[in-house]
Every structure is written in structure tokens, then in C-alpha cells.
Amino acid sequence: MWSITSGLTLCLTFLSVAVTTAQNASVALPAPARYGTLSFKVYGSVTRVTFNNPPINLVNTRLLSDLYDFMVTLQPSDRTTPAPKVVIFDSANPDFFLSHIDFNFILLPTTPELTASASQYGMVAQMFQTITSTAFIAEINGRAFGAGHELLVQMDMRFAGPNARTGPIENSVGLFAGAGGELYLGQNVGKSRALEIAMSSTAIDGPRGEAIGFFNRYYNNQQSLTNAVNTLAQRIALFPADGLNQTKSALSYLNPPATAFANEAAAAVRLRPKAEQQALVRKFISLSQNQTRSPFELNLPESLAQLYAD
Ligand SMILES: *[C@@H]1O[C@H](CO)[C@@H](O)[C@H](O)[C@H]1NC(C)=O
Ligand SMILES: *[C@@H]1O[C@H](CO)[C@@H](O)[C@H](O)[C@H]1NC(C)=O
């Protein structure tokens, strides 16, 4: 469908080329998200997924249900048609790529609905790597702390704009990532830097993230970021699916081992019910004005010190 020659001029003609290929796309548009927290655009073998869960793209039951439903459709066992070769994730919210988990997941007692959703969360995190027939690219130009970071870090590639700020903040409430976030951070930036970032609950921004290998590339404005990600995705999509799949499969040997995930999940279960952790999470919910677009959320992770002010 695409010639190498047209690939070379993609940068200039992406919009018109996209319209042409959308008509004979090999990949179907995903069904509309049940809770409307994801929207989809399909350009040939590239699908762009936009997070939109106002006010702060909280990783809550609604967003997880939509994301789980979408990810499942990408699994080769659930498809009769080719999967997208590339899925790009971006955000409709200029301030938040994704937020942390809805902290009501952590509070005890829990509900069956939250328990089921937490299990979807773990499965979504794993599918970014178990699905080798699709490359997942994050186009991030906003905040992504806690769960947002944990999902971002398990995608295959990350490209950042000037407003990107991300990191695991779980240590600030006595918890830790629990579903691969810190394992993949260690894999991406090395153990010492991962410990520095995780134990201090501080932020990785675009330039720093590029310097330490967390972001593939940093762009200093949104348009350059989007253009570069589109050009890369369309370039990858030129090539046959089986070779791409084999490349991601082969490099999976670098992923953290299954035992590390099991240990992490078990430790998260031990830490969660502790009184200090429960109290810190309640304080977080209160300071953040119930996890809304509050100064506390907008000033993460610096605002975390307020958890320890009397
Ligand atoms: C992707 O590669 C893996 C490893 O070779 C293989 O098991 C799997 O069937 C391939 N998937 C597709 C959709 O080709
Ligand atoms: C907090 O927000 C949730 C919705 O996210 C709502 O159900 C709950 O009632 C709110 N709690 C308070 C105290 O405002």
C-alpha cells in the first residue's frame, strides 16, 4: 500500500496520505469506548488512541474498563483481521497524559467493583508486552505520575514534549508501583537512577528523560512531537507484520523476569492494609480535593511534601 518513496515524503504529506489510506485501511476502527474515555483514529495500520477522562485522566474504573476492552481486541487470539502494527497513545488533556490510580482502589474496605477493576489494571499493564504484534508508542506532553507512569513505562517507546512530567510517586504514600512500574523503570534507566527517582518520588521531565534514556526523544513543542511520532509510526507501518512482531518478541528477553512481577504484586498486597499507608492515602485524597484539578494535583510531585506537613 505504501512505497518507500512515499515514505520519504511522509513528513510533508502525512495528512493527505492518511485520508487516502483510511479509505482502504487494513485495520478496522475499534468499537466506541463504553465510557467514552478513549477515542480512536485509524490511519492504515496505525491507530491513534486519545485518553479523555476529565478532569485529570484519573486511572479509575471507567478508564480501565475502556482500556482493557481495547487492549483485548489487539490480542492475536481475539482477531480475525490484522492487528494495527503501531498504536500511539496521546491525551486530549494538555495537563495530564494520565493521572495516578483512583486512590479509592487502595482504601479499605474495598468493593467487588474495585477489586475487579484492579485485576483489569494488572492485565492491561501486562498486555503492553505480551501483545508482540503491535508496537505501543506514548506521545506524552503532560503529567503521568503513579499508575500513569506505570502504564507509560511498559509501552515500547516514549516521545516527550515540553510539558511531560512523569515518575512513580507511590513511595510518597508508603506504597510502591506493584504492577511493573519500578521494574521497567530500572530496565530503562538503570537501577541507581530508578532508585533515585522512585525513592524520592520526583519527576522526570522531557530533557532529563531523553538524557537518561527514559524518553526515546524529546521535542520542544507539541507540533514537532506529533509530526515526529506520526512519521515514525507510518515508517514502521510500511514493513511486513511478521518481521516487526518477531523483533518485539526477540527483544522481550530484556523484560523483567516473571518472578520479579510476582514478588512485586505480593509485596503490594502486604503494604496496602497498613495503617500508615491508609492514612497517607486518605490525606492525599483530601489534599487533592478528591483527585480533581486542584493545585495539589497540578503541582505534583512537589506538593507531596504537604502529606508530611502538620
Ligand atoms: C509473533 O512472534 C512470536 C514469536 O515468534 C510468535 O509466537 C507469534 O505467533 C507471532 N505472532 C504473530 C501474530 O505473528
Ligand atoms: C469524590 O469523587 C467521587 C467521584 O470520583 C464521588 O463519587 C465522591 O462522592 C466524591 N467524594 C467527595 C467527598 O466529594
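Because only heavy atoms are used, hydrogens play no part in the values below, and waters and symmetry mates are left out as well, while side chains stay in. Keep in mind that what you see is a predicted model, and the values were worked out from it rather than measured. Just so you know, ligand 1 is whichever comes first in the structure, and atom 1 is the first atom listed for that ligand.
Taking every heavy atom of both residues into account, F105 and S117 meet most closely at CZ-OG, 3.3 Å. Closest non-hydrogen pair, F70 versus P30, comes out as CE1-CG, 3.8 Å.
Under the 3.5 Å distance criterion, with hydrogens and angles disregarded, no donor-acceptor pair is assigned to the side chains of N60 and Q291.
When each atom of ligand 1 is checked for a heavy atom of T132 under 4.0 Å away, the hits are 1 (C). Close approach to Q246 involves these atoms of ligand 1, each under 4.0 Å from a residue heavy atom: 2 (O), 4 (C), 5 (O).
Electrostatic pairing of R158 and E210 does not count as a salt bridge here, judged by no charged N lying under 4.0 Å from a carboxylate O.
Regarding atom 9 (O) of ligand 1, its nearest protein heavy-atom neighbour is N245 ND2, 4.8 Å. Distance from atom 5 (O) of ligand 2 to its nearest protein heavy atom, with residue and atom name: N290 ND2, 4.9 Å.
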Return all side-chain donor-acceptor pairs below 3.5 angstrom for residues 135-149, not counting sequence neighbours, or 'none' if the list is empty.
from: E139; atom 1: OE1; to: R48; atom 2: NH1; distance (Å): 3.0
from: E139; atom 1: OE1; to: R48; atom 2: NH2; distance (Å): 2.8
from: E139; atom 1: OE2; to: Q222; atom 2: NE2; distance (Å): 3.2
from: E139; atom 1: OE2; to: T226; atom 2: OG1; distance (Å): 2.8
from: N141; atom 1: OD1; to: N163; atom 2: N; distance (Å): 2.6
from: N141; atom 1: ND2; to: Q222; atom 2: OE1; distance (Å): 2.8
from: R143; atom 1: NE; to: L298; atom 2: O; distance (Å): 3.0
from: R143; atom 1: NH1; to: D95; atom 2: O; distance (Å): 2.9
from: R143; atom 1: NH2; to: L298; atom 2: O; distance (Å): 2.9

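Among the atoms of S133, none of the N or O lies under 3.5 angstrom from an N or O of ligand 1.
Protein heavy atoms come within 4.0 Å of atom 12 (C) of ligand 2. Distance screen at 4.0 Å: atom 7 (O) of ligand 1 has no protein heavy-atom neighbour inside the cut-off.
Distances from atom 3 (C) of ligand 1 to the heavy atoms of S249, A250, P76 put S249 nearest.
A cation-pi geometry, defined here as NZ or CZ lying under 6.0 Å from the six-membered ring centre and within 45° of its normal, does not hold between R208 and F214.
Taking the six-membered ring for Trp and the full ring otherwise, the centers of F159 and F215 sit at least 6.0 Å from each other.
Contact between D242 and ligand 1 is absent, with no heavy atom of the residue lying under 4.0 Å from the ligand.
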